[in-house]
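Everything below concerns the one structure shown next.
Atoms considered below: every heavy atom in the structure, side chains included; atoms not considered: hydrogens, waters and symmetry mates. Residue numbering restarts at 1 for every chain, and letters A, B, ... go by the order of the sequence lines.
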Protein chains: 2
Amino acid sequence: MAEAFRKHGFEGASLAILSRATGLGKGSLYNFFPGGKEEMMDAVLADIDRWFVTTIFTPLEQARDPAAAIRTMTAEVTVYFRSGGRVCLVGWIGLGSSGDAFAVRVKTYFARWISALARCVQSGGVPSLLAVQLAEETVSGIQGAIVLARALGEEALFLRIVRRHEAALLDALARHTR
Amino acid sequence: MAEAFRKHGFEGASLAILSRATGLGKGSLYNFFPGGKEEMMDAVLADIDRWFVTTIFTPLEQARDPAAAIRTMTAEVTVYFRSGGRVCLVGWIGLGSSGDAFAVRVKTYFARWISALARCVQSGGVPSLLAVQLAEETVSGIQGAIVLARALGEEALFLRIVRRHEAALLDALARHTR
DNA sequence: GCTTGTTTGTACCGAATGGTACAACATCGC
DNA sequence: GCGATGTTGTACCATTCGGTACAAACAAGC
């Protein structure tokens, strides 16, 4: 179901597609999601959010070794986005007017990612202003890398860009070591 | 018409919406675009491409003053994307499976942007490998900034990120001045 | 085995979808 | 004026859309 939305977007994913993707008939679909397509998408976004919170956000927020936490973040993210071969549904949905219904979810997702990463970097001794700056740049850079890698059909480009952002983060940490 | 696609995406922009947006009835629409919605979208993308070629790409490619060319690029891009309030249709369309029909257009758009920017930076004395690296990072960064700025509803974030990329480009130029 | 509540498939709904046919209309060279 | 060409609105097409109704199938408790 998540993959169906990821492939076709919200508008493009028809109930027929969703039904085929899940193996459930319309009856079942509307039994579990009385709110229709919107509730289905919301559930998918909630699922994604949960994954990011446990795998990315909290490890960053509670990191005892910031450099290691950043390294695992980029590693996890690279796998998750299949090196840019997989789209970021949250970012995508935010682009269109159909995403207005999920605006809050989209906003909190990115806001938390940035703040978690910033806190991690900051905990390593980097001044808070620079930390936020680096975090913004990294999250934004990952989103851009997905767009570009998909557009050019070049997964290597995703890896290159993410690696550079990782390097920038680690460099800042090394420079401000206490 | 472009704005209709920009707002609703390819799937979301129905003929009714397109008709309303252009003020043309279905008859006229199908008179000018016998290929239907796909041809309309293609025309819009061609239009966008033309604008970027004349306003962004060729000035970069033929720049006599690389630093100035970069500065005008970021300025033009900032205005064009309304500081992130306006979506990059090319990048957006590339994310979904509906964009497969326009894959070539999407690909050449980004490829040319990167190569034009890289050539400009390189003409200022920056080694070609670094130049390509910086160009990739900048174009990707702009795309990410659009996604993030829209998601967070924060145009200032777009400006901040673009400005930082501009600074990185100018810095590289200054460092490798001949 | 019967009851109760959930899960499923199927038939169906009105509305909207992308697209076509075509007659009325305008425009223009001549 | 007249025909030729291009443009427009309208009615219409089959299909698909998201969504509902509901009865059959199922499961669990007792």
Side-chain angles (χ1 to χ4, degrees), chain A residues 1-50 87-106, chain B residues 1-50 87-106:
Chain A
M1 174 135 178
E3 294 312 313
F5 276 122
R6 222 185 280 275
K7 189 167 179 186
H8 303 95
F10 181 70
E11 322 263 4
S14 68
L15 286 183
I17 291 176
L18 261 16
S19 173
R20 213 175 307 133
T22 56
L24 290 128
K26 269 204 237 185
S28 313
L29 239 34
Y30 270 84
N31 180 34
F32 297 126
F33 307 99
K37 240 171 79 164
E38 265 197 32
E39 193 176 336
M40 299 180 207
M41 174 57 109
D42 202 65
V44 167
L45 290 179
D47 232 38
I48 292 174
D49 201 62
R50 218 171 305 130
V87 153
C88 176
L89 190 53
V90 187
W92 187 13
I93 226 61
L95 288 176
S97 66
S98 68
D100 293 355
F102 315 104
V104 180
R105 226 179 246 293
V106 171
Chain B
M1 173 134 176
E3 294 312 313
F5 276 121
R6 222 185 280 276
K7 188 167 179 187
H8 303 95
F10 181 70
E11 322 263 3
S14 69
L15 286 183
I17 290 177
L18 261 15
S19 173
R20 213 174 307 130
T22 56
L24 291 130
K26 268 204 236 184
S28 313
L29 238 34
Y30 271 84
N31 180 34
F32 297 127
F33 306 99
K37 239 172 80 164
E38 266 197 32
E39 195 177 335
M40 300 179 207
M41 175 57 109
D42 203 65
V44 167
L45 291 179
D47 232 39
I48 292 174
D49 201 63
R50 218 171 304 130
V87 153
C88 176
L89 190 53
V90 188
W92 187 14
I93 226 61
L95 288 176
S97 65
S98 68
D100 292 355
F102 316 103
V104 181
R105 226 179 248 292
V106 171

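Taking atom CG of residue B:Leu18 and atom C1' of nucleotide C:dG19, one finds them 13 Å apart after rounding to whole Å.
Shown for residues 22-34 of chain B: residues whose heavy atoms fall under 4.0 angstrom of DNA chain C, namely B:Lys26, B:Tyr30. Proximity of residues 5-16 of chain A to DNA chain D (heavy atom under 4.0 angstrom from any strand atom) is restricted to A:Ala13, A:Ser14, A:Leu15, A:Ala16.
Within the structure, the ring-ring contact (aromatic ring centres under 6.0 Å, His included) test picks out no pair touching residues 15-35 of chain B (sequence neighbours left out). Sorted by first then second residue, the ring-ring contact (aromatic ring centres under 6.0 Å, His included) pairs that include residues 2-25 of chain B, not counting sequence neighbours, are B:Phe10-B:Phe102. Applying the salt bridge (charged side-chain N to carboxylate O under 4.0 Å, His left out) test to pairs two or more places apart or on separate chains, those with a residue in residues 33-43 of chain A are A:Asp42-A:Arg105. Counting only residues at least two apart or in different chains, salt bridge (charged side-chain N to carboxylate O under 4.0 Å, His left out) contacts with residues 2-30 of chain B comprise B:Glu3-B:Arg6, B:Glu3-B:Arg86.
Minimum heavy-atom separation, B:Ala13 to B:Ala4: CB-O, 4.2 Å. Closest approach of B:Leu24 and B:Ser19 over heavy atoms only: O-OG, 2.6 Å. Closest approach of A:Thr22 and A:Leu29 over heavy atoms only: OG1-CD1, 3.9 Å.
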List the steps and the verdict of side-chain contact (heavy atoms from CB on, under 4.5 Å) for B:Met1 and B:Asp47. CA-CA 11 Å; B:Met1 173 134 176; B:Asp47 232 39; over 6 Å; no
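You can see that DNA chain D meets the heavy atoms of chain A within a 4.0 Å-exclusive cut from D:dC17 to D:dT20, reading 5' to 3'.
Between B:Ile48 atom CD1 and B:Leu89 atom CG the span is 4.5 Å, to the nearest 0.5 Å.
In terms of the side-chain hydrogen bond (donor to acceptor under 3.5 Å, both in side chains) criterion, A:Asp100 has no residue partners (sequence neighbours excluded).
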